[in-house]
Structures are given as structure tokens and as C-alpha cells.
S.K.: 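Please see the structure below; I have some questions.
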Amino acid sequence: MNPTPSQTVGPFYGYALPFPGGGDIALGGITVHGYVHDGAGAPVPDALLEFWQADEHGDLRGRPGSLRRDPVTGAVIGRHGVDFTGFGRVATDADGHWTLRTVRPGNGYISVCVFARGLLHHLYTRIYFGQDAFLDALPAERRQTLVAVEERQGVHRFDIHLQGEKETVFLDFG
């Protein structure tokens, strides 16, 4: 039997998956923000980004119960809201912009999963904050698509380009 063919992802996911405070992984650390662009460079107003990261010491475990939220309001249930969870989910706004508040990851990067209309499969990438052996293996012009730019102290910019001349490097874990 043949597998069922892939279908485009969304934009239906934008209704139920985002939750209030989804971009607040940890307060008092850094802010990372940017825009999602399509192949023509236009903003994507209905993309959804999921983030996973290590804490400031490089620990990837997070805290138990990090996804326990009220299904109606999205309010945190079962934890006091200040433990580091390592997970966030953010929808882009009408201008394709997103914002994440977190700590600088001890392993040097934040993993990102991109869902957007027109994609047959979600895309994986990373946001790096400095040099890394993986980055060093990439051509210089491609490497830059994975590095956050510090705009000012504690605020970093990372734009995601789904296609085109500035296309972000996407990872294949298959």
C-alpha cells in the first residue's frame, strides 16, 4: 500500500495552536525577533514557529508539565510560570513579525520549526548566537542565514526566508 500523499500545512493551525505567552520562554534574558518572508520577499502573516532550546547552562531537559495550559484561555496550569521549559510557540502577526523572550542558550543555538501555508512539510532551522562547528562547515554566504544579528544589547534579529536568494538554511533530519 502506498503512503498517503502530503497536503499543504495550514493556515488552519493558527486558530488553535498559538497560546497567550507562547513566546515567553524565560523573562529577564534576551529577546529574539524577526520576520518570516516568502519566496518573493513578502511577509508571511500566518506562519507558526515552534522553538526548543537549552537553558543557559546547556541543559535540554526543561521542566515537567511545561505544556499544561488551560484549553480555553491558554493560561498556565500546574506550574507557577517561571520555571524554564525550553519550549515556545509563536504565530507571526499581520506583518510577518514574531518575538521570543528567553535566555541565551548554553549550547549556542535555538531550534526552530516553521509551519506556513503552501509548505508540504514543516521546515527545521536553527538560530545561532556565535561560532559553531556546524556553521563552519557551511559556505560563508549560507552560514549567515543561521546567525542572529545583535541589534543592541539583549535584542537579536533573525529573519526567516522560505525561498529565494536569501533562503534560510533548513535542516533535514530524515
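Values reported hereafter were calculated over all heavy atoms of this structure, with side chains retained and with hydrogens, waters and symmetry mates removed.
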S.K.: Under the side chain to side chain contact (heavy atoms under 4.5 Å, CB included) rule, what do Ile127 and Val112 come out as? Steps first, then yes or no, please.
M.R.: CA-CA 7 Å; Ile127 303 169; Val112 184; 3.7 Å; yes

S.K.: Parallel, tilted or perpendicular for His156 and Phe129, by the 30°/60° rule?
M.R.: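 Aromatic pair His156/Phe129 classed perpendicular.
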
S.K.: Enter the distance from Cys113:SG to His122:NE2 here, rounded to the nearest 0.5 Å.
M.R.: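 The NE2 atom of His122 is 4.5 Å from SG of Cys113, to the nearest 0.5 Å.
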
S.K.: Just how far is it from atom CG of Asp46 to atom CG of Asp93, taken to the nearest 0.5 Å?
M.R.: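 Going from CG on Asp46 over to CG on Asp93, the span is 11.0 Å.
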
S.K.: Find the distance between CH2 (Trp52) and CZ (Arg126) and round it off to the nearest 0.5 Å.
M.R.: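 Answer for the CH2-CZ pair, Trp52 versus Arg126, is 12.0 Å.
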
S.K.: Identify the heavy atoms of Asp159 and Thr168 that sit nearest to each other, and give their distance.
M.R.: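 For Asp159 and Thr168, the tightest heavy-atom pair comes out as O-OG1, 3.8 Å.
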
S.K.: List the atom of Val90, the atom of Gly23, and the distance in Å for their closest heavy-atom pair.
M.R.: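 Taking Val90 first and Gly23 second, the nearest heavy atoms are CG2-CA, 3.4 Å.
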
S.K.: Among side-chain atoms of Gln163 and Asp38, is any donor-acceptor pair under 3.5 angstrom?
M.R.: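 There is no such pair between these side chains.
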
S.K.: For Gln53 and Thr102, which I'm curious about, is there any donor-acceptor pair between the side chains at under 3.5 Å?
M.R.: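 Yes, Thr102 and Gln53 have a side-chain donor paired with an acceptor closer than 3.5 Å.
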
S.K.: Out of curiosity, does Tyr128 fall in the hydrophobic cluster containing Leu138 (side-chain heavy atoms, cut-off under 4.5 Å, transitive links)?
M.R.: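 Linked within one cluster.
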
S.K.: Got more than 12 heavy atoms from elsewhere within 6.0 Å of CD, Glu165?
M.R.: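 No - once you tally the heavy atoms of other residues, nucleotides and ligands closer than 6.0 Å, there are 12 at most.
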
S.K.: How far apart are the closest heavy atoms of Val103 and Ala26, and which atoms are they?
M.R.: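 In terms of heavy atoms, the two residues are closest at CG1-CB, 3.8 Å.
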
S.K.: If you measure from CG on Leu123 to CD1 on Ile160, what distance do you get to the nearest 0.5 Å?
M.R.: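 Taking CG in Leu123 and CD1 in Ile160, the distance rounds to 9.0 Å.
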
S.K.: Which heavy atom in Asp95 sits nearest to a heavy atom in Pro43, and how many Å separate them?
M.R.: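 Looks like O-CB, 3.1 Å.
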
S.K.: Using 30° and 60° as the class boundaries, would you call the ring planes of His161 and His37 parallel, tilted or perpendicular?
M.R.: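 Answer is parallel, since the angle falls under 30°.
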
S.K.: Would Phe170 and Leu162 satisfy side chain to side chain contact (heavy atoms under 4.5 Å, CB included), going step by step from the backbone distance to the final call?
M.R.: CA-CA 9 Å; Phe170 295 106; Leu162 300 177; 4.2 Å; yes

S.K.: Using the ring centroid of each side chain, check whether Trp98 and Phe51 are separated by less than 6.0 Å.
M.R.: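 Yes, the ring centres sit under 6.0 Å apart.
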
S.K.: Let me know which of Ile110, Thr31, Leu49, Asp24 forms a side-chain contact (heavy atoms from CB on, under 4.5 Å) with Leu100.
M.R.: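 Only one of Ile110, Thr31, Leu49, Asp24 forms a side-chain contact (heavy atoms from CB on, under 4.5 Å) with Leu100, namely Ile110.
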
S.K.: Contact between Phe134 and Leu171 at the side-chain level, heavy atoms closer than 4.5 Å - yes or no?
M.R.: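 Side-chain contact under 4.5 Å: yes.
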
S.K.: Show the atom names and distances, to 0.1 Å, of all donor-acceptor pairs under 3.5 Å that link a side chain in residues 144-152 to residues at least two apart or in another chain.
M.R.:
unit_1, atom_1, unit_2, atom_2, d
Thr145, OG1, Arg142, O, 2.8
Thr145, OG1, Val169, N, 3.0
Glu151, OE1, His33, NE2, 2.7

S.K.: Taking atom CG of Leu48 and atom CZ of Arg117, what is their separation to the nearest 0.5 Å?
M.R.: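 Between atom CG of Leu48 and atom CZ of Arg117 there are 13.5 Å.
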
S.K.: Suppose we screen for side-chain hydrogen bond (donor to acceptor under 3.5 Å, both in side chains). Which residues come up paired with Tyr35, at least two apart in sequence or across chains?
M.R.: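 Residues passing side-chain hydrogen bond (donor to acceptor under 3.5 Å, both in side chains) with Tyr35: none at all.
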
S.K.: Working to the nearest 0.5 angstrom, can you tell me the gap between Arg143 CZ and Gln131 CD?
M.R.: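 Arg143 atom CZ to Gln131 atom CD measures 6.5 Å (nearest 0.5 Å).
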
